[in-house]
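Reading through the C-alpha cells given below for one structure.
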Amino acid sequence: MTVITRFAPSPTGFLHIGGARTALFNWLFARHHGGRFLLRIEDTDRQRSTTEAIDAILDGLRWLGLEWDGEPVFQSARAARHAEVAHQLLAEGKAYYCYCTQEELQAMRDEARAAGRPVRYDGRWRDRDPSEAPTDVPPVVRVKAPQVGETVIEDLVQGEVRIANEQLDDMVLLRADGTPTYMLSVVVDDHDMGITHVIRGDDHLTNAFRQLQLYNAMDWTAPIFAHIPLIHGPDGAKLSKRHGALGVEAYRDMGYLPEALRNYLLRLGWAHGDEEIIDTEQAIAWFDLDGVGRSPSRFDFAKLGNLNGHYLRAADDARLVDLVLPRLERRLDGMPDAAARTRLFLGMPGLKARAKTLEELADNAVFYARSRPLPMSEKALDLLTPEARARLDRLAALLAEVEDWTEAAVEEKIRQLVDAEGVKLGQVAQPLRAALTGSTTSPGLFEVMAVLGRDETLARLGDARRVGEARTVN
RNA sequence: GUCCCCAUCGUCUAGCGGUCUAGGACAUCGCCCUUUCACGGCGAAAACACGGGUUCGAGUCCCGUUGGGGACGCCA
C-alpha cells in the first residue's frame with residue numbers, strides 16, 4: 001500500500017508554526033515511506049478564505065522546502081460531490097432533514113449545560129414524520145449517528161481512544177443553503193483522494209470519532225489517524241500571536257534558515273534517541289510516528305537560535321551573501337557594490353561564526369559594505385585616544401611597507417610593532433578594530449585586514465585618525 | 001458543565017520493569033582557549049507532580065487526586 005498523506009490548511013490566515021509542523025510531519029512520513037504528500041486547501045468558508053492567505057500558505061510551504069505532490073485540491077470546487085454523498089445517505093435513510101431553528105438549538109444547548117448534561121443536539125427530527133415539517137424553515141441534513149455503544153479509534157500517536165456514542169450527536173452534513181459542512185467535506189475528500197494516513201493536530205481528535213461514523217455510514221475504509229500534540233507558547237497557554245504563532249514568513253524575516261526551522265520543528269514532539277542535529281535527509285530516513293510524543297511542547301526561541309547558528313555556520317558562503325544582501329540594502333543607502341560583495345564573500349567565514357540569525361549576520365557585516373568614512377560607535381571612539389592614534393600612525397607606516405598583503409604578512413607587522421613598543425597585542429588590536437570596523441567587536445582582525453585589502457585598510461586608518469582628532473578637539 | 005488527551009531538569013527530550021546514585025541538547029553559572037565578540041573544549045547547578053496499588057523490584061504497569069491542554073457550531 002502506498003502511503004498518501006495530506007496537509008489541509010484553511011486559508012483564513014498565514015501558515016502558522018503549528019501548521020508548519022503538521023505539514024512537516026506529513027511530508028516526512030510520506031517521504032520516509034516512499035509515498036505521496038498532497039495539499040488540500042479547505043476554503044469552504046468563503047467569507048473567511050482569502051487568496052492572499054492561500055498564497056501565504058503556498059509560499060510558506062515552498063520556503064520551508066515542503067513540496068507537495070500534484071496540484072493542490074481546492075475543497076470549494078468539490079461542493080457538488082460532497083452534497084451528492086449527503087443525498088446518497090439521505091436516500092439510504094442514514095441521514096435526515098432537520099428543521100430546528102438557530103434559536104431552538106441555542107435553547108437546547110443552554111438547557112443541557114444548565115442541567116449538566118452533554119451539550120448535544122437531541123435528535124428531535126431524527127424519526128419525525130416528514131409531514132410535520134414546517135414550510136417556512138429551510139432544513140439542514142443531519143447524519144443518523146449511532147446512539148448506543150461506543151466508537152473506537154486506533155490512533156498511531158494517541159493509542160486506542162474510545163468514546164461512548166451518546167457523547168456524539170447527529171452532526172450537520174449540509175447547511176440550510178445546501179452547502180456542505182467541514183465534517184462532510186473532509187471525509188469525502190480524504191476518501192476520494194485516497195488518503196491513507198491522516199496526521200493532524202490533536203485538536204481534531206474528537207472530530208475523528210464523528211468522521212469515523214461517517215466512513216462507516218458510507219461503508220468506506222477509514223484512513224489511519226495520528227493526532228499529534230499541539231505546540232504551546234512559552235507560558236504553556238495556547239500559542240497566540242504574541243508568542244510565536246507567527247507565520248513562517250515572519251521566521252524567514254527574522255533571519256532563520258528553513259533547514260534550521262525544519263530541524264527545530266522536527267524535535268518539537270519527536271525524538272530519535274539523543275539526536276539533536278538532524279538534517280533533512282537524515283530526518284526522512286529516521287522519521288516515523290512511533291517517535292512522536294503525546295504531550296504538548298512549548299516554543300523556545302533560544303533553542304531555535306542555537307540551531308540556526310549551527311546551520312548558518314554550515315551554510316555555503318555564496319548563499320549567505322545572497323541572503324544577507326537585501327538586509328544590508330535596508331541598512332545602507334542602497335545595494336552594496338561589487339567590491340563590497342567580494343569582501344562579504346571573503347569575510348563570510350569569520351562573519352557566520354558569530355551570528356545566530358541572518359539579521360545578526362547583516363548587523364555584523366555592514367562594516368564590510370559601508371563606504372568611507374565609517375560611522376563610529378561611542379565605544380569605538382573611546383578607544384581612539386591620542387596615544388592609540390599615534391600608535392596607529394606608526395602601524396600604518398609599517399603596513400605601508402607590506403608588498404604581499406596576506407593575513408600572515410599583516411600579522412607579522414602588528415606583532416613587530418607590539419614587540420617594539422612593549423605593549424600587549426590588545427592595546428594595538430582594539431584601537432585598530434575600532435578604526436577598521438567602527439565597532440569594538442568583529443571577526444579576527446588579521447582576517448578583516450586581509451579581506452579589506454591594503455588600500456582600504458590604510459584609508460580607514462587615516463579616517464580614524466581624523467575622526468579621533470575631531471573628537472578630541474570637541 | 002460533559003467528554004477526550006497529557007504530566008521526567010527553566011525549555012525540548014532519552015527512558016519502552018531491574019543496566020537510573022535518571023542520559024543528551026538549549027538556556028544559566030564557572031574555568032580554559034583568545035586581539036574583541038563569537039565558535040570550540042572542560043565542569044557545575046538543575047527533573048521522574050502527589051497518593052494509593054500490582055510486582056522480588058516502578059520514572060517505566062493500574063487506579064485516584066491535583067495541575068495543564070483540547071473538543072463540545074448550519075467555523076475549519
Side-chain angles (χ1 to χ4, degrees), chain A residues 8-12 42-45 47-49 75 98 100 102 105-106 109 112-121 138-142 155 157-159 161-164 166-169 171-177 179-183 185-186 201-207 209-210 227 229-230 232 234 236-238 264 267-277 290 293-307 309-310 313 350-356 360 364 383 411 414 418 424-430 432-434 437 439-446:
Chain A
S10 62
T12 53
E42 308 217 318
D43 57 349
T44 48
D45 185 350
Q47 271 88 41
R48 294 199 297 159
S49 300
Q75 196 161 60
C98 166
C100 282
Q102 297 287 358
L105 290 171
Q106 192 52 52
R109 284 192 274 266
R113 197 176 290 267
R117 290 194 317 264
V119 182
R120 305 287 111 93
Y121 169 69
V140 300
V141 173
R142 284 182 187 272
D155 192 285
V157 170
Q158 305 291 336
V161 188
R162 47 181 69 221
I163 191 171
E166 59 197 13
Q167 293 296 329
L168 273 14
D169 60 6
M171 63 179 160
V172 173
L173 264 23
L174 250 30
R175 302 188 184 97
D177 65 1
T179 58
T181 60
Y182 161 78
M183 285 293 180
S185 302
V186 226
D202 70 9
D203 51 337
H204 284 284
L205 185 57
T206 49
N207 289 337
F209 293 102
R210 317 178 91 99
H227 289 92
L230 267 17
H232 290 168
K238 196 176 180 179
Y264 178 70
R267 284 288 291 107
L268 221 46
W270 179 86
H272 187 268
D274 285 339
E275 301 294 338
E276 295 288 350
I277 305 289
D290 55 13
R294 287 197 276 177
S295 52
S297 48
R298 303 183 188 204
F299 196 90
D300 180 18
F301 273 102
K303 188 150 182 173
L304 207 211
N306 175 272
L307 268 176
H310 170 86
R313 272 170 258 133
L351 252 16
K352 68 184 182 184
R354 293 168 168 75
K356 282 192 162 50
E360 255 182 67
N364 298 340
L383 289 172
E411 173 167 4
I414 290 171
V418 165
K424 295 206 172 220
L425 181 53
Q427 288 174 268
V428 176
Q430 278 308 84
L432 178 57
R433 170 167 283 114
T437 71
S439 152
T440 57
T441 65
S442 80
L445 273 180
F446 308 135

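In what follows, every chain begins at residue 1, and chains take the letters A, B, ... in the order their sequences are listed.
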| query | Looking only at atom C1', what distance separates B/A49 and B/U66, rounded to whole Å? | reply | 8 Å
| Between A/Asn306 and B/A27, is there a side-chain N or O to OP1/OP2 distance below 4.0 Å? | yes
| said: Within the 4.0 Å heavy-atom criterion, would you say A/Glu276 contacts the bases, only the backbone, or no part of the nucleic acid? | reply: base
| request: Please report the C-alpha distance between A/Ile163 and A/Leu168 in whole Å, then the side-chain angles of each, then the deciding distance to 0.1 Å, and finally whether the side-chain contact (heavy atoms from CB on, under 4.5 Å) criterion is met. | output: CA-CA 8 Å; A/Ile163 191 171; A/Leu168 273 14; 4.0 Å; yes
| Would you say A/Arg313 reaches B/G40's phosphate, i.e. side-chain N/O to OP1/OP2 under 4.0 Å? | yes
| request: Please check the phosphate of B/U13 (OP1 and OP2 only) for any side-chain N or O of A/Ser297 closer than 4.0 Å. | output: yes
| field | Pairwise side-chain contact, A/Ser185 with A/Glu42, heavy-atom cut-off 4.5 Å (strictly under) | value | no
| A/Phe301 side chain reached by A/Tyr264 side chain, heavy atoms, under 4.5 Å | no
| request: Indicate whether OP1 or OP2 belonging to B/G73 is found under 4.0 Å from a side-chain N or O atom of A/Arg109. | output: yes
| task | In whole angstrom, give me the gap between the P atoms of B/A44 and B/C26. | result | 15 Å
| task | In whole angstrom, give me the gap between the P atoms of B/U8 and B/G69. | result | 15 Å
| Same-atom distance (P) from B/A25 to B/G41, integer angstrom | 9 Å
| query | For B/C74, does either OP1 or OP2 sit under 4.0 Å from a side-chain N or O belonging to A/Arg142? | reply | yes
| field | Distance, C1' atom - from B/C62 to B/U54, rounded to whole angstrom | value | 7 Å
| note | Test side-chain contact (heavy atoms from CB on, under 4.5 Å), reference A/Pro443, set A/Leu351, A/Asn364, A/Thr437, output is A/Leu351
| query | For the side chain of A/Arg267 and the base of B/U13, is some donor closer than 3.5 Å to an acceptor across the two? | reply | no
